[in-house]
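A short write-up of the structure that comes next.
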Amino acid sequence: GGDGEGSASGDDPIVVGISLPLTGDFSEPGKGVQRGYQAWAKIVNDKGGLLGRPVELKILDDQSNADRVVSDYEQLIGQDQVDVVVGPFSTRLVVPAARVAEEYGMLFVEPAGAAKEVFEQGFKNLFYAAPAVANDHYNHLAEHILALPPEQRPTTAAYAAMDDPFAQGTAYGLKEKLAAGGIRTVVDEVYPPNTTDFSGIAAKIASSKADIVVGGSQYQDGVNLIVALQQLNYQPKLAAFSTAPTSPEFAAAIGNKTEGILAPTGYTQKAPYPSNVEFVEKYTAQFGSPPEEDEANAYTTGQVVAAAITAVGCAEQGDCQKKLIEWVRGNTVETVVGPLSWDATGKPKGAHMIQQWVKGEIQIVLPADAKEADFVFPKPAW
Amino acid sequence: MPSASEPTPTTAGPTTTAPGGGARPPLVTVARAAKGIALLALVAVALAFPSLAPNPYILSAGILVLNYAVLSTSWNFVGGFTGYISLGHGALAGLGAYGTGLLVTKAGLPSFLALAVSAVLVAALAVPIGYAALRVRGASFVIVSIALVLVLLLVFQSWASFTGGSRGLVVPRPFPDLLRPEHHRVFWFLFVALLALALLVWWVIDRSRFGLGLKAIREDEDKAEALGTPTFAYKLVVFVISAGFTASAGGLYALWFGDLDPVFQFSILTGSYMVLMALLGGVRNLFGPLLGAVVVGTALEYFKVEYGNTPLHLVATGLLLALVVLFMPDGVLPAIAAQIERFRPAQHSIREVTAAQLREQRERGEADGVPPEMAAAGNGGPGAASARERS
Amino acid sequence: MSSGALIFQSVILGLLLGGLYALLASGLTLYFGIMRVVMIAHSAFLILAAYLAWWWHSRLGVDPLLSLVVTVPLFFGAGVLLQRLLLSRLRPATLTMMSVLLTFAIAVMIEGLLGYAFTGTQRRIQLGYGSANIELFGARIAVVKLIAFGLAAAALLTLWLLLKKTTFGWALRATIQHRDAARLVGIDTDRVAGFGFGLGLASAAVGGTALALDTTIYPSLHWHWIGPLMAIIVVGGLGSVPGAAAAAMVLGLTQSLLQIPLNTTWAQTVFYLALFATLAFRPQGFFGGRLAQRF
Amino acid sequence: MASEIELIDIQAGYGRAAPVLRGLTVAVPAGTIVCLVGPNGAGKSTVLKVASGLLTPRSGRILVGGREVTGQGPQRMLAAGVAHVLQGHSVFREMTVAENVLLGGYTLKNKAFVAERVEFVKELFPVVADRWDSLAGLLSGGQQKQVEFARSLMVDPKVVLLDEPSMGLDPKATATVFEQVVRMRDAGTAVLLVEQNARRALETADLGCVLDLGRVHISGPASELLADPQLGELYLGGRPAEPPVTPKV
Amino acid sequence: MTERNGSGEALRTEGLTKAFGGVVALDGASVAFRHGQVNALIGPNGSGKTTFFNCVTGMIRADGGRTTYRGRDITRSTPHAIAHAGVGRTFQLCRVFPRMSALDNVLAAVRPAGLLGQLRGAHGRAEVDRARSWLTRLGIEHLADVEARNMSWGQQKLLELAGVLMSDPETVLLDEPAGGVNPALLDRIGGLVRELNAEGRTFVIVEHNMDLVMSISDHIVVFDRGRPIAEGPPSVIRSDERVLGAYLGV
Ligand SMILES: Nc1ncnc2c1ncn2[C@@H]1O[C@H](COP(=O)(O)OP(=O)(O)OP(=O)(O)O)[C@@H](O)[C@H]1O
Ligand SMILES: Nc1ncnc2c1ncn2[C@@H]1O[C@H](COP(=O)(O)OP(=O)(O)OP(=O)(O)O)[C@@H](O)[C@H]1O
Ligand SMILES: CC(C)C[C@H](N)C(=O)O
Ligand SMILES: [Mg+2]
Ligand SMILES: [Mg+2]
């Protein structure tokens, strides 16, 4: 399905091919990314499109399935002859998708391939449209904890991460730093993506009585783990989970017992960049609520592609793609998450912020210069 | 060329081989000619497809179908000959794929050497697996085969340090410089070659004494054993052959596709697609699984393109399987053969005679010196036709 | 860090899990051991029931337990129809094999329809008491898990009584072993076989609801259940309801305890190890008996 | 004399295939044994299946006790008083001998009567008592046949259809079976008996019917059939050279 | 066929024992069957005759005792090895390959040797001719291309016999060949057995049809409760009191 409404000019549309996990493991964030792309297309088209041509999205559902994502991009590029492609959600799907794009010589800007593995594949066409890679997401939190006075500083930590490059990347990025700072790891669990029963893991964490619990989660697994921990009445001093707590569904999913839960984010609605003000406003008008991180990442992706197309002056398969790739590699793009530029592997050069649920709302607490609320430590009981 | 033991109750039976069967009716010759032409057409299509495919996507979809064809033909070594229904063949393909991938990435073998070594390793591994699994029959075998997939899934998910776990394993490209359409073209021919080899081996076994022994196992294993067939050894050998081909298909897929994820490599769905395809085409037929793969594989791709955003392809698959099981348990090819049968003049192979007529015949026969013996031993009579019914 | 407490906690979790396994495996045993049908779709129906409970809760806001009032009769009816319209059409000679494929097809269809209706997104019932728990000698028992266990136990007991204490159980077994002979002693075989299947599915309805109370569900979740359940009925001895229940408790407990030294995934392999060991050393299972081959 | 069961002009067959029975008529009066003989595949078992409602005839009528019962299933037929012992092995293999025998009385409400019958069959067939709790499928071939026959003795029907009850039985058990057949006849039951042990059966029976190719070929008093030398050769086998060693009932 | 010694011992068991749970099916059965004879094995239902066949042919493993065939110990051999040694059998409930033609049913009994033998075509001219000649001898040649499941009981019995004979056993064990077979047909089966015996084959026949047993056997072994209680030629057995008591029930 496309989103080509409002095509003012009668020109041939620029078809953007996307495969997204609208169902399956990544469906919650996947739908967020979809909304972000849709908002981008609408905003671009409302302004008359790119190169005078309207933008049309062609979105396929890959069901969070790495096999499907490959055949989706194969279909988009080979059969549907889309003009450009952009990435799906999550590292696990981004890597195989990027390879298809590369082998067809296409530019591949993606919103959600944050794990360091993405940049180790030798892709020449890939660019991650967000500020930082997974392992650096918790950098501010690690600094903050290690800077606490010794008597306040937690001494033990429990980690549970999904067997997923991104989720593990975040948790282990933090783990490395805390362990180096002398915080002992007492539980270190890995679970496959489709795990539904977390009571065993929760029992181990609870009985370890760790001061800190860190979940390398995507979405539903984070929710399940938190509920399982709550069922065992485990009360850590600090609880951090990647991705899940930033989702709009999160609070209801765990029965509103959210107080004090932490999560990293690359985006804030309050960021002062001019395009962000426009984005938040128009997005809110379109969808009724302000955008979250996933939406923003998709929007950023769109911005990068749009900038390249506008600058190079073409959008189709073939030689044009080489030019687009060249352009992105050599330039800095102003986006809703700030100015983005990339190294040779497509890795962005920026940092993430830390959010916390404070008084029933998720707010930025770190770094100090961006904070919306004070960091609460130790966390109140949940 | 299709199976000589095809159950065609009222034809001249194993037409290709029946010696002294008297003059062959012209129909049979026509049928043979038709088969020859069909075979040639098949070869022509296989060779020309890459040039005919309108775009690389169609070619890649074709490769998927071919992969299915190799898999279900490989499955049919066990399922068709011995009647052991394995829902777990997906695991063997997965092992082949991972074996190839790991040999390339961890041992640094060249891609196709890795493929060969992996196929041999899986075949070797099939000896202990078969040794355990083939000891039980019927439902227990199905359960074991399902368990095989599930346990390997757990192992490959959990043993992340070796297999990459749920994060998957990336298999380096054998031809890193090829653009994707070229890459597809090369692999199309590789898959065609593998399929041809599998078909050839199946065909050789089908007509051999070994094959007849396997079929006897399918019909009545204890009886076969009592007649002197070393049933266990037979089953094991054919299981190993099947595993080798299945693993080769898996390995070739790994080289072609490049990304392995345990959830898909060790999926019951893969195994059941093999069963569905073989069953649909007809498990007693050389080309049955191929036909099934073309039908089901094409349908799957079609569903995906048409209804891509919905899981309705699962419903369609299920529906198809259910219909086949309920109405065509012998497959399409035999069903077609049976339809053709109906247009031939009815031949009653079991004579309908009363005991009195029988005695007359016998007396006449004895005069002629032909011993009609117990010619109508329990003259099947009306059963002749009724027995063609699936009972 | 007290590992004694962890063990105790794991034992409790294992028993609670085992109860659910027991109920589900008993349903499978019913079709499998008694009716010679390999019911791959059992866990798909389980997930279906879970979805219905979830839907009931999220749409109508009613407690999922109340959905049983609808799902149990509904599933019973579905079971009767399934048996009468589909399974009864299979040739007796190939019943076991073909029923695998047929019920496999049904499972896949259910999965597809669930995906169509509810998407592949993971769902979870958000209960007010979802994380409520009670303390027992230092261990914590989630209220939802306790309810699920109670449901399973009640259903299991009912099933067992029906099979053992009524002639229905006899009639069911006779029907499947020799249909014509059963008809000749006066058994209404169509009805009995249908009821048998209905009963099995009704147990899936209860199990599904119990499952939905405390776990996320998604359409393809049934694959994760089918393996352990199959293993349980083989270990327990095909055909024996008490055998399946006992094996379920033992394996559930083992799995839970193994999670302490191993991770969750490795711990699951216990089912398959038990399955292979059973087939290697005691193919007739550890509790029920299976007819040895006669020549 | 009114017949207890009558099959009139029956056409019957399996599936869509040609009919097995082609216009067959048989009647069994109360207190009479009618013996059906004929070559393998003649349709003898099919006749019994039609008579007990297992197989619905394509045309023709079935009367039990003068009442029309055409098209009714075995359950209703049993209620009408028709019992049928199948050919071959039809024990419930994975149930105990006890369960098998008791299932023979599935339709009975009277517990005392059931207990009485159980005692009776246990005495008649020692194997039933000896192996009361073992699975029926594990018994030897002949033992299973005995259990089957015992099962059929649990009820007291008006019409009994017996399909080769002596197949696989040892001489002693064969004698018991024939004794019971005679006892039933004497109690007024109508017995339709199919036997390949044809001479023996005809010696016991009152009337005989030779079935061939789905029709009644010849019928008449059993003794006349036995005496017909041509029939003997065609259907009953040549007289053994030596006198039979099987004891007479 | 290998050289056939008219007087040697074919099959011998010593103290063969088999119990199923509490049921003792074979209780130290020691029996010897001479080569080149038609032997009968009779006894009441459940006396262990079928179990004896099953143990001798390796289909089930005896708990104790020894079986030798022509002097070779076959106690622990697999069924196919025993078949290779020259012992063929039929089953009490006739067993054929239901979805194979009669011809294939018979051909399936061919035992190929070596890898190349395995891969040779199953329908080689020599084998097919031999198979057809067996079908002819058993009078079911016209059914060669009919699937076994479409045959009547009697035809299946003959087909099973043809298959066993195709595997060219020196010794044939038949379990109730007469059960359910029309008496007119039975006479001919008896004739065939004698004919084949004249060619040098040994038979062991389990049968309840005394007319048949008495008319065709040279030697009769009577089983009761899992062990032989009497043996001898028909004339002796017919008047043996134990036999009359245990078996014939008079
Ligand atoms: N279930 C069935 N389906 C199809 N055909 C059948 C079926 N049962 C019997 N027949 C056919 O019907 C005919 C009559 O069978 P029936 O069993 O009545 O013979 P019968 O006289 O009892 O023979 P026998 O002495 O061998 O028992 C046979 O030719 C047989 O092939
Ligand atoms: N697999 C088994 N499990 C348990 N008991 C068995 C088994 N096989 C045979 N038996 C028992 O062993 C005894 C001997 O059985 P067998 O079949 O050898 O008798 P048979 O002499 O062939 O009798 P028939 O003349 O009735 O065929 C019987 O009591 C039977 O119940
Ligand atoms: C921050 C997220 C958008 C990154 C994504 N979850 C990934 O797997 O890489
Ligand atoms: Mg009959
Ligand atoms: Mg026997």
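So you know, we letter chains A, B, ... as the sequences are listed, proteins then strands, and number each from 1.
Proximity of E/N105 to B/E219: side-chain heavy atoms (C-beta onward) are nowhere separated by under 4.5 Å.
For residues 230-243 of chain B, heavy-atom neighbours of chain E at less than 4.5 Å comprise B/P230, B/T231, B/Y234, sorted by residue number.
Residues E/A122 and B/S208 come closest through the heavy atom pair CB-O, 3.4 Å. A pairwise comparison of heavy atoms in E/H80 and B/T229 identifies CB-O, 3.4 Å as the closest pair. Of all non-hydrogen atoms in B/L212 and E/M100, the two that sit nearest each other are CD1-CE, 3.7 Å. Nearest heavy atom pair, residue E/F91 against residue B/A226, reads CZ-CB, 3.8 Å. When all heavy atoms of B/L227 and E/G163 are compared, the closest pair comes out as CD2-O, 3.9 Å. In terms of heavy atoms, B/V204 sits closest to E/L119 at CG1-CD2, 4.3 Å.
A donor-acceptor pair is defined here as one N or O able to donate and one able to accept, closer than 3.5 Å; no such pair exists between the side chain of E/H123 and the backbone of B/R207.
For the pair B/D222 and E/R95, the salt-bridge criterion is met [side-chain N within less than 4.0 Å of a carboxylate O].
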* CA sep, side-chain torsions, deciding dist, call: E/T78, B/E225, side-chain contact (heavy atoms from CB on, under 4.5 Å) -> CA-CA 9 Å; E/T78 56; B/E225 176 81 23; 4.0 Å; yes
* Run the side-chain contact (heavy atoms from CB on, under 4.5 Å) check on E/V164 and B/K223 step by step: do they pass? -> CA-CA 10 Å; E/V164 170; B/K223 171 72 185 171; 4.0 Å; yes
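E/E127 touches chain B through its side chain: at least one heavy atom from C-beta onward sits under 4.5 Å away, while N, CA, C and O do not. Interface residue E/R111: only side-chain heavy atoms are found under 4.5 Å from chain B.
Shown here is E/R194, whose CZ atom has more than 12 heavy atoms of other residues, nucleotides or ligands within 6.0 Å.
Among the candidates E/S167, E/P98, E/A109, the residue making the largest number of heavy-atom pairs closer than 4.5 Å to chain B is E/P98.
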